[in-house]
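Note sheet for the following structure.
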Amino acid sequence: MNGQAKDVLVEKLAEALADITGGEPPTVCSPEEPGGQHRPDAVLEASLDGQRYRLVVDFKQSVFPRDAREALWRHRNSLNQGGMAGHEAMPVLVAESISPGARDLLRKERVGYFDGDGNLFIAARGLYLRLDKPESRKQSRAVNNVFSGQRAQVLHAVWGRERDWFGVHEIAERAGVSPATASVTLAALERREWVEARGSGPSKERRLANPGALLDSWAAYQSSAKPKAVRHYYVRSAAYADLQRRLDDASERTGVRYELAGISAGQVHAPYLSGVSQVACRATGGKPLQAMLEEVGARPVREGWNLGVQELRADDQLRFRQRVGDLWVADPLQAYLDLLQSGGRAKEMAQHLRAEKLGA
DNA sequence: TGCCAATGAATCTAAGGTGG
DNA sequence: CCACCTTAGATTCATTGGCA
């Protein structure tokens with residue numbers, strides 16, 4: 001099936017080239033590369049104005065910036081080894097779909113591409129082709145950020161299933177999201193090859209396939225995202241452990257749902273720092289939260305705080321919290337993401353936590 | 001600076017398919 | 001047929017830019 005799609009696209013590329021240059025359609029050669037360690041998926045020989053061009057095609061199903069970078073890296077490597085010297089071979093990435101970001105990246109590095117929508121780019125000495133097609137309706141509806149809002153909840157639920165197979169319905173349930181949202185999000189994860197699928201129609205199942213890549217991308221997104229607002233308080237004469245206890249007691253009495261976050265959560269799952277004195281948490285807001293803060297004797301301050309609170313509008317985000325000992329704690333995944341946004345030694349701590357608890 | 005309109009993204013409901 | 005997945009259209013939500 002992959003082979004089918006590839007051949008069709010390579011054929012379309014050849015036609016497109018002939019169309020633009022008004023010349024002969026290029027000949028498609030079989031990709032026998034003597035001694036080449038990386039075998040291309042196809043090779044096109046084109047000639048126009050007496051110049052001969054040789055297009056070395058790499059095929060992929062879909063290309064996002066991450067894939068593009070990988071392709072660029074491979075391409076540079078093969079240049080460095082000087083194997084192709086004299087041939088003037090031009091790399092062309094051919095894929096069913098190539099995201100706009102990936103296309104920018106490839107153009108910047110003057111690596112050619114061609115996708116199923118007809119977007120085309122070829123650059124070489126004496127030759128510059130660029131074709132931009134309007135977005136197809138399908139593409140304009142495509143999911144481009146899976147790391148925020150309800151979709152992040154879906155991701156979180158997927159993570160929780162580890163390597164087990166699951167259905168859309170189940171994930172929607174666990175994430176607290178409509179089946180539609182779960183479905184489109186999972187489709188997006190599948191395109192990125194972070195999850196794999198088996199079966200089709202109602203019997204379709206998926207599972208996490210590449211936790212490392214998923215976590216890398218999530219981390220990159222999280223690091224660049226704007227941290228949520230945190231209110232700072234001071235609680236008099238409260239040592240770290242004691243403050244946590246009092247917080248939990250007060251939450252019990254006032255009915256506020258909360259979880260330890262950031263460094264506090266990290267310390268619970270994979271102790272790393274000594275002498276932590278500031279408690280970080282997130283909690284559902286409103287009147288009950290005010291009551292709870294009053295009960296522990298928290299006083300808003302600018303400097304010298306020992307309690308940081310991120311106020312939540314709804315408690316969707318507390319869906320994955322864990323009871324550890326006698327405290328509610330963000331799960332390791334959430335703690336990891338929190339740490340990426342915290343200052344100081346939090347980044348190191350994030351690495352430690354990932355190695356200890358996330359295994360990817 | 002702050003408000004409001006317009007635009008676009010995110011999510012849901014409901015309808016359309018499909019395998020067992 | 002039933003139970004589930006997917007897709008289309010409607011709705012809500014957030015962000016951006018214009019203007020006072």
Nearest-Å distance, [atom1] ([X]) to [atom2] ([N])?
{"X": "R151(A)", "N": "dA9(B)", "atom1": "CZ", "atom2": "P", "value": "11 Å"}
{"X": "I171(A)", "N": "dC5(C)", "atom1": "CD1", "atom2": "C1'", "value": "14 Å"}
{"X": "R206(A)", "N": "dC5(C)", "atom1": "CZ", "atom2": "P", "value": "8 Å"}
{"X": "Q150(A)", "N": "dT11(C)", "atom1": "CD", "atom2": "C1'", "value": "15 Å"}
{"X": "L186(A)", "N": "dT6(C)", "atom1": "CG", "atom2": "P", "value": "8 Å"}
{"X": "L189(A)", "N": "dC5(C)", "atom1": "CG", "atom2": "P", "value": "15 Å"}
{"X": "F147(A)", "N": "dA10(B)", "atom1": "CZ", "atom2": "P", "value": "13 Å"}

Less than 4.0 angstrom from a charged side-chain N to a carboxylate O is my criterion; do [X] and [Y] meet it?
{"X": "R161(A)", "Y": "E170(A)", "result": "yes"}
{"X": "D249(A)", "Y": "R253(A)", "result": "no"}
{"X": "D216(A)", "Y": "R354(A)", "result": "yes"}

Does Q153(A) have a side-chain nitrogen or oxygen under 4.0 Å from the phosphate oxygens OP1 or OP2 of dT11(B)?
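For Q153(A), the contact criterion (side-chain N or O under 4.0 Å from OP1 or OP2 of dT11(B)) is not met.
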At less than 4.0 Å, is any side-chain N or O atom of T181(A) found next to OP1 or OP2 of dC12(B)? Yes or no.
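Yes, because at least one side-chain N or O of T181(A) sits under 4.0 Å from OP1 or OP2 of dC12(B).
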Give the C-alpha distance, both sets of side-chain angles, the deciding distance and a yes or no for side-chain contact (heavy atoms from CB on, under 4.5 Å) between F166(A) and E205(A).
CA-CA 5 Å; F166(A) 54 77; E205(A) 290 183 300; over 6 Å; no
Heteroatom pairs (N/O) under 3.5 angstrom, protein to nucleotides 13-17 of chain C:
from    : atom 1 : to      : atom 2 : distance (Å)
dA14(C) : OP1    : R313(A) : NH2    : 2.8

Name the one of R323(A), R282(A), R319(A) that satisfies salt bridge (Lys or Arg N to Asp or Glu O under 4.0 Å) with E259(A)?
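With E259(A) as partner, salt bridge (Lys or Arg N to Asp or Glu O under 4.0 Å) holds for just one option, R282(A).
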Tell me yes or no: between the side chains of S264(A) and Y240(A), is some donor less than 3.5 Å from an acceptor?
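Yes - a donor-acceptor pair under 3.5 Å links their side chains.
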Is R206(A) positioned over the aromatic face of W165(A), cation under 6.0 angstrom from the ring centre and no more than 45 degrees off axis?
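Judged by the rule (NZ or CZ under 6.0 Å from the ring centre, within 45° of its axis), R206(A) is not positioned above W165(A).
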Selection: residues 196-205 of chain A, any non-hydrogen atom under 4.0 Å of DNA chain C:
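Correct list: G201(A), P202(A), K204(A).
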Which nucleotide, dT7(C), dT6(C), dT13(B), lies nearest any side-chain atom of V168(A)?
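For the V168(A) side chain, the nearest candidate turns out to be dT6(C).
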Please say whether more than 12 non-hydrogen atoms of neighbouring residues, nucleotides or ligands are located less than 6.0 Å from NE2 in H232(A).
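Enclosed: over 12 neighbouring heavy atoms sit under 6.0 Å from NE2 of H232(A).
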Would you call the rings of F320(A) and H156(A) parallel, tilted or perpendicular, taking 30° and 60° as the class edges?
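Answer is parallel, since the angle falls under 30°.
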